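A short worksheet on the structure shown next.
Throughout, a chain's letter reflects where its sequence line sits, starting with A, and its residues are numbered from 1. Just so you know, these numbers come straight off a predicted model, no measurement behind them.
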Protein chains: 2
Amino acid sequence: MQSTLSADALSLTFAALADPTRRAILARLAQGESSVTELAQPFAISLPAITKHLKVLQRAGLISRGRQAQWRPCKLETAPLRDVSAWVDLYRRQWESRLDRLGEFLQENHPQESNNEG
Amino acid sequence: MQSTLSADALSLTFAALADPTRRAILARLAQGESSVTELAQPFAISLPAITKHLKVLQRAGLISRGRQAQWRPCKLETAPLRDVSAWVDLYRRQWESRLDRLGEFLQENHPQESNNEG
DNA sequence: TGAGAAATTCACCAAATGGTTAATTAACCG
DNA sequence: CGGTTAATTAACCATTTGGTGAATTTCTCA
């Protein structure tokens with residue numbers, strides 16, 4: 001699992017989010033803490049596979065693990081999503097301001113056209 | 001793992017963003033269109049490696065390719081980042097509202113405590 | 001003390017990823 | 001036409017990823 005040079009936090013977070021099973025796990029955890037078997041319930045994969053997904057999420061800081069009796073409950077952690085949000089919004093703002101400037105230019109020169117939206 | 005069944009759009013986008021080289025390429029493209037060799041400039045990897053990164057970005061819909069003479073300029077595309085932003089904000093809102101509710105509860109019971117940011 | 005439940009670790013496998021060099025395609029220019 | 005530049009494709013390699021089943025750890029409880 002461990003790479004020689006550990007990847008940066010943002011890369012770990014994006015990589016962790018790049019799997020639908022893991023996103024579904026996070027969605028479930030957004031509603032509250034949960035045990036591993038409970039989390040595994042909706043999926044057609046083995047428990048060890050779930051454990052691996054949880055390790056990926058934990059390494060990305062997206063969840064933390066607790067311990068009570070033989071359960072290791074998982075809890076959603078907020079910080080990494082905040083970083084992702086910041087990164088995404090930064091670049092959205094950058095290209096949106098570029099498009100705005102282009103839009104203004106087009107407005108000045110071709111008041112008819114109002115194209116956007118891919 | 002599911003190559004025959006192509007992964008969903010959000011997974012493709014997150015996976016594309018999970019590499020620092022690709023994020024740097026996008027950052028560069030946020031300032032305007034660029035050719036491949038120009039994009040490759042800052043990196044210590046070969047041109048074919050850059051081509052592969054561009055394919056990943058294109059498959060995720062994060063860039064589009066043009067064509068003029070022997071150049072294939074790359075352009076940033078906005079739609080997928082909007083989806084990422086929507087997903088992230090949805091879950092941020094979900095757990096933040098949970099934390100808010102917890103905060104209110106704590107307020108009612110321990111008016112001293114005030115929450116802080118990392 | 002030991003059966004059973006929760007979860008992890010182990011050993012393995014196939015496919016995907018990220019990189020390389022060498023060869024090839026596509027367009028320009030003289 | 002031939003040479004040059006831009007970029008891609010091809011073939012290959014090492015590592016990572018996502019999965020499996022079997023064994024093991026850790027805890028509860030009768």
(Q) Over all strands shown, is T21(B) touching base, sugar-phosphate only, or nothing at heavy-atom distances under 4.0 angstrom? (A)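 No contact at all - T21(B) keeps every heavy atom at 4.0 Å or more from the nucleic acid.
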Q: Looking at every strand, decide which applies to T37(B) at a 4.0 Å heavy-atom threshold: base, sugar-phosphate, or nothing.
A: sugar-phosphate
Output the rounded distance in Å from [atom1] ([X]) to [atom2] ([N]).
{"X": "Q41(B)", "N": "dA7(D)", "atom1": "CD", "atom2": "C1'", "answer": "15 Å"}
{"X": "F43(A)", "N": "dG19(D)", "atom1": "CZ", "atom2": "C1'", "answer": "15 Å"}
{"X": "L54(B)", "N": "dT9(D)", "atom1": "CG", "atom2": "C1'", "answer": "15 Å"}
{"X": "R23(A)", "N": "dG18(D)", "atom1": "CZ", "atom2": "C1'", "answer": "15 Å"}
{"X": "L57(B)", "N": "dG18(C)", "atom1": "CG", "atom2": "P", "answer": "10 Å"}
{"X": "E33(B)", "N": "dA6(D)", "atom1": "CD", "atom2": "P", "answer": "17 Å"}
{"X": "F14(B)", "N": "dT17(D)", "atom1": "CZ", "atom2": "C1'", "answer": "18 Å"}

Q) Does a side-chain N or O from H53(A) land closer than 4.0 Å to OP1 or OP2 of dG19(D), or not? A)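 So the side chain of H53(A) is within the cut-off, an N or O lying under 4.0 Å from OP1 or OP2 of dG19(D).
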Q: Give a yes/no answer on whether the side chain of R22(A) brings an N or O atom under 4.0 Å of OP1 or OP2 in dG18(D).
A: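 Checking R22(A) against dG18(D): at least one side-chain N or O falls below 4.0 Å of OP1 or OP2.
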Q.
Just verifying a value: how many Å separate I50(B) CD1 and T37(B) OG1, rounded to the nearest 0.5 Å?
A. 10.5 Å
Would you kindly confirm whether [X] and [Y] end up in one hydrophobic cluster when ILVMFWY residues are joined by side chain heavy atoms under 4.5 Å apart?
{"X": "I63(B)", "Y": "L47(B)", "value": "yes"}
{"X": "L10(B)", "Y": "L57(B)", "value": "yes"}
{"X": "L76(A)", "Y": "L12(A)", "value": "no"}

Q: Select from A15(A) and I50(B) the residue whose nearest nucleotide in DNA chain D is closer to the 5' end of that strand.
A: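 Here I50(B) is the residue nearer the 5' end.
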Q | 5' precedence on DNA chain D between D19(A) and T51(B) (nearest-nucleotide basis) | A |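 Closer to the 5' end of DNA chain D: T51(B).
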Q. Below 6.0 angstrom between ring centroids: does that apply to Y91(A) and W95(A)?
A.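 That pair fails the under 6.0 Å test.
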**Q.** Carboxylate-amine/guanidinium contact R23(B) D8(A), below 4.0 Å
**A.** yes
Q: Heavy atoms under 4.0 Å is the rule here; annotate nucleotides 20-30 of chain D 5' to 3' with B where the base is hit, S where only the sugar-phosphate is, and - elsewhere.
A: BBB---SBS--
Q.
Less than 4.5 Å apart, side chain to side chain, heavy atoms only: is that true for Q94(B) and L26(A)?
A.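 Not in contact.
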